[in-house]
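Note sheet for the following structure.
Order of appearance sets the numbers: ligands from 1, and atoms from 1 within every ligand. One-based numbering along the sequence shown.
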Amino acid sequence: MGGTHVLDGHPRAESIRIRERLTGHVETKVLALAGLIAHGRGEAFDYILGEETTLSAMGAITAAAATMLLAERPVLSVNGNVAALCAKDLVELARATGARLEVNLFHRLPGREEAIERVLREAGAEEVLGVGKAASARIEEVYSDRRRVDPRGILVADVVFVPLEDGDRTQGLVRMGKRVITVDLNPLSRTAQAATITIVDNIVRAMPLLVSEARRLRASERDELERAVSAYDNRAALSAAIRTMESRLHELADRGAPVRLR
Ligand code: PTJ
């Protein structure tokens, strides 16, 4: 992959570095070209959100960690964008919650599953489900290549983590009776609306918080985790995210001042 072309003093250095990481992963086949479009859409929502983890996103993160810890068969579904952006955190989250990692792609082009498996193994994963023939089961409720799943993983999971997801699979998994957790900067997306828990935050910020929250809650009693889950309301969390965006735009429009981003 090409080296970085951005100087530390650049006001958008971090954002540019992330873009370079993603474009580099087009070459390695980890990222689908459509992944670049998805990232651009996410960035636009992040600008409006203020590029910070909100209090309500933190509430969703706590509920998500508790849900994964309570699960019997949790699975973390990994696509190209997520592997490119936070492979290490995924491996750590799997360890902290006892979840299995499964590659599941919208664009199953030759070599991509293996490339993503490689990135996960380099990040420390000992087991990666869903690669090649291992994705031998079909989910009727899903109408894309994402229907191909591993019979040891998503097929039998009770809780599935599907960050940066693309629509109908979330609805399909929910119809199958699974609890679905997502990370999506767009609170209006079908996935955000249909998931059991939607973390409206950038995956790059949310993942380390999710890992530390899972580690913190690991020692908790079952009923304490259950209370954290039942206190959570996804409709309210989505409304809070939309309200944050709305009030930020209002404030900026009133001030007429340049947007201040970190
Ligand atoms: O690797 P594949 O083949 O499985 O494909 C993965 C993508 C992401 C290309 C595919 O799932 C897709 O097309 O997704 P969508 O429909 O573009 O939806 C992705 C959602 O993630 C959008 O609502 C974006 O706003 C959001 N998003 C993008 N980048 C981030 C994000 N949310 C959180 N953090 C981000 N960094």
- Message: Just by distance, no angles: are the side chains of Ser247 and His250 close enough, under 3.5 Å, to form a donor-acceptor pair?
- Response: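 On atom types as modelled, these side chains do not qualify, holding no pair under 3.5 Å.
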Just which atoms of ligand 1 are under 4.0 Å from any heavy atom in [X]?
X      : result
Phe106 : 2 (P), 3 (O), 4 (O)
Gly80  : 1 (O)
Asn186 : 23 (O), 25 (O)
Asp184 : 20 (C), 21 (O), 22 (C), 23 (O), 24 (C), 25 (O), 26 (C), 32 (N)

Which protein heavy atom lies closest to [atom], and at what distance to 0.1 Å?
atom                    : result
atom 32 (N) of ligand 1 : Leu185 N, 3.1 Å
atom 5 (O) of ligand 1  : His107 ND1, 3.6 Å
atom 34 (N) of ligand 1 : Ile203 N, 2.9 Å
atom 7 (C) of ligand 1  : Asn81 OD1, 4.1 Å
atom 18 (O) of ligand 1 : Glu165 O, 3.1 Å
atom 36 (N) of ligand 1 : Asn202 OD1, 2.9 Å
atom 6 (C) of ligand 1  : Asn79 ND2, 3.7 Å

Do the charged groups of [X] and [Y] touch, with an N to O distance under 4.0 Å?
X      : Y      : answer
Glu251 : Arg248 : no
Asp150 : Arg100 : no
Glu92  : Arg95  : no
Glu140 : Arg175 : no

- Item | From the candidates Ala34, Ala38, Gly35, the one that places a heavy atom nearest atom 28 (C) of ligand 1 |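 It is Ala38 whose heavy atom sits nearest to atom 28 (C) of ligand 1.
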- Counting heavy atoms only, which of Leu109, Asp201, Leu188, Asp166 comes nearest to atom 14 (O) of ligand 1?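 Selected option, by shortest heavy-atom distance: Asp166.
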- Item | Qualifying residue for side chain to side chain donor-acceptor pair (under 3.5 Å) with Asn104, from Arg147, Arg169, Glu165 |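 Of Arg147, Arg169, Glu165, side chain to side chain donor-acceptor pair (under 3.5 Å) with Asn104 is met by Arg169 alone.
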- Message: For the 3.5 Å polar cut-off, considering only N or O atoms, please tell me whether Arg146 and ligand 1 meet it.
- Response: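 Yes, at least one N or O pair falls under 3.5 Å.
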- Message: Applying the side chain to side chain contact (heavy atoms under 4.5 Å, CB included) criterion to Val30, which one of Asn81, Val119, Asn79 satisfies it?
- Response: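 Between Val30 and the candidates, side chain to side chain contact (heavy atoms under 4.5 Å, CB included) is satisfied uniquely by Val119.
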Could you check whether any heavy atom of [X] sits closer than 4.0 Å to an atom of ligand 1, since that is the contact criterion I want to use?
X      : answer
Arg112 : yes
Glu43  : no
Val204 : no

- Item | Arg235 side chain to Gln193 backbone, donor-acceptor under 3.5 Å |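 Pair found, side chain donor or acceptor close to backbone of Gln193.
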- Message: Other residues, nucleotides and ligands only: do more than 12 of their heavy atoms fall within 6.0 Å of CZ on Arg218?
- Response: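 Yes, enclosed.
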- Message: Counting C-beta onward and ignoring hydrogens, is there a side-chain heavy-atom pair between Leu155 and Ile139 closer than 4.5 Å?
- Response: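 Leu155 vs Ile139: side chains touch.
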- Spacing of Leu185 atom CG and Arg41 atom CZ [to the nearest 0.5 Å]: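 The CZ atom of Arg41 is 11.0 Å from CG of Leu185, to the nearest 0.5 Å.
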